[in-house]
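Read the structure below first, then the notes.
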There are 2 protein chains.
Amino acid sequence: MARTKSPNYEAQQQNILENAARLFAEQSFPSASIAQLAELCGMSKPLLYHYYRDKSHLLFDIADTYVDKLVGIVDAAARQGLPADAHLRLLIERFMEEYASSRHYHMVLVQDVKFLGETERKQVKAKQAGVVAAFAELIARLRPELPAAQVKPVTMTLFGMMNWTFTWFRADGAIDRAGMARIVSQLFLHGVYGCGEGTDYEQVSEGVPR
Amino acid sequence: MARTKSPNYEAQQQNILENAARLFAEQSFPSASIAQLAELCGMSKPLLYHYYRDKSHLLFDIADTYVDKLVGIVDAAARQGLPADAHLRLLIERFMEEYASSRHYHMVLVQDVKFLGETERKQVKAKQAGVVAAFAELIARLRPELPAAQVKPVTMTLFGMMNWTFTWFRADGAIDRAGMARIVSQLFLHGVYGCGEGTDYEQVSEGVPR
DNA sequence: CCTACCGATCGGTAGG
DNA sequence: CCTACCGATCGGTAGG
């Protein structure tokens with residue numbers, strides 16, 4: 001009888017991916033060493049190569065599973081049938097919530113995807129473009145008066161507001177991720193003149209199923 | 001007699017710095033090789049080490065000269081004695097204008113400063129914190145009603161709007177850097193509901209000396 | 001200002 | 001003839 005895969009195979013693979021994401025985020029992909037990763041995972045290099053055929057496949061798996069998660073959030077929000085502004089606020093909430101647990105994955109997506117081979121890089125970039133397109137369509141629906149040439153810049157500026165949090169936001173401050181989502185929504189929709197006491201939205205995710 | 005420095009010494013150093021910034025931005029500091037840099041600069045490795053004592057000193061010079069430039073922009077804008085909202089719009093314009101020619105320097109500042117030694121890293125980070133503090137004070141002056149805990153998050157969100165342009169903005173599109181500055185100012189002050197045809201500010205930099 | 005090197009470490013794989 | 005795993009070392013290249 002052929003032996004089956006260890007019941008821990010997937011768990012081991014997940015553990016490696018988690019450690020690799022952290023290492024790549026901290027040191028950048030090319031300078032993170034496989035020896036170091038293997039040590040972090042408590043295994044020998046040959047055993048690590050049993051789970052991942054090479055270093056770049058590890059990078060692809062990190063980026064691809066993470067971008068799939070973002071696509072999933074976009075799709076789930078679209079199924080709620082909300083009006084445009086509530087839809088956008090829900091998306092911002094869900095992204096900021098996801099970001100709380102995806103720091104290293106996101107940093108790898110931003111700074112290391114360029115080190116993938118062309119085929120794999122294009123696959124990740126295409127999914128990423130889908131996420132951006134969903135936000136852009138929603139913004140165009142929200143503000144039909146917005147000149148077409150401004151939709152992309154405005155959309156990317158919203159991503160800047162959210163994604164820049166990875167460079168400075170720490171959960172130990174006075175504001176948590178849910179609070180950050182409200183600040184981003186409020187700033188993006190109404191600007192700083194629309195921010196401050198008593199101008200907050202309530203969370204739109206209350207009572208919305210995942 | 002001691003030999004004098006070549007009259008081209010500073011020019012050579014500048015050329016090296018420019019090429020190094022590009023290489024570090026593209027490949028990340030640890031994986032960019034000195035041999036590759038020397039070849040780009042058309043010189044041997046030993047000659048390159050004549051201008052810069054080691055790899056990390058090159059990284060420090062890139063980050064430090066660039067952050068000094070940003071501090072200079074902040075100081076020059078403060079000397080204009082403008083009201084808070086015009087002051088902020090001028091700062092956003094000047095930053096976006098500077099960003100047009102500082103792509104690689106900025107990317108190195110964001111992604112590679114962590115590879116500096118502690119002393120040098122702290123020096124750069126302190127200057128960077130000064131730039132952020134100047135924006136934060138201005139925003140607090142613009143919106144005194146803003147709860148103190150929100151000033152830092154709102155300020156960093158503005159930096160997100162500007163700094164994220166390095167990941168997507170290309171000058172060949174329908175919108176140029178001056179147009180991007182107007183979009184960022186408009187979004188930050190009045191939100192997307194305040195954007196669109198006929199809601200644009202004129203440039204505040206018209207007639208303002210540098 | 002060059003060629004020639006160093007100690008160390010890289011990603012990946014051999015035999016068992 | 002498979003999967004799981006080790007100690008040791010491969011050919012090349014890094015910063016200096």
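The sequence lines fix the lettering, A, B, ..., with proteins before strands; numbering per chain opens at 1. Below, all heavy atoms of this structure are taken into account, side chains as well, without hydrogens, waters or symmetry copies. Because the structure is a prediction, the values reported are computed rather than measured.
We find that OH of Y51(A) is positioned 20 Å from P of dG11(C), with the value rounded to whole Å. Atom pair K45(A):NZ and dT13(C):P shows a separation of 11 Å (rounding to whole Å applied).
Comparing dC1(C), dC6(D), dG15(D) against the side chain of P46(A) picks out dC6(D) as the nearest. Considering only the side chain of H50(A), dA4(D) comes nearest among dG16(D), dA4(D), dC6(D). Nearest nucleotide to the S33(A) side chain, out of dC1(C), dT13(C), dC10(C): dC10(C). Here the nucleotide nearest the side chain of Y49(A), chosen from dG12(C), dT3(C), dG15(D), is dG12(C).
Between S44(A) and the phosphate of dC5(D), there is no side-chain N or O to OP1/OP2 separation shorter than 4.0 Å.
Counting non-hydrogen atoms of neighbouring residues, nucleotides and ligands closer than 6.0 angstrom, the NZ atom of K55(A) exceeds 12 such neighbours. Enclosure of atom NZ in K114(A) by more than 12 non-hydrogen atoms of other residues, nucleotides or ligands within 6.0 angstrom is indicated.
Between L189(A) and L142(A), the closest side-chain pair of non-hydrogen atoms falls below 4.5 Å.
Counting any heavy atom pair closer than 4.0 Å across all strands shown, A32(A) reaches sugar-phosphate atoms only and no base atom.
Listed by first and then second residue, the ring-ring contact (aromatic ring centres under 6.0 Å, His included) pairs that reach into residues 60-81 of chain B are Y66(B)-H106(B), sequence neighbours excluded.
Contact annotation: side chain of K55(A) to base of dG12(C), donor-acceptor pair absent below 3.5 Å.
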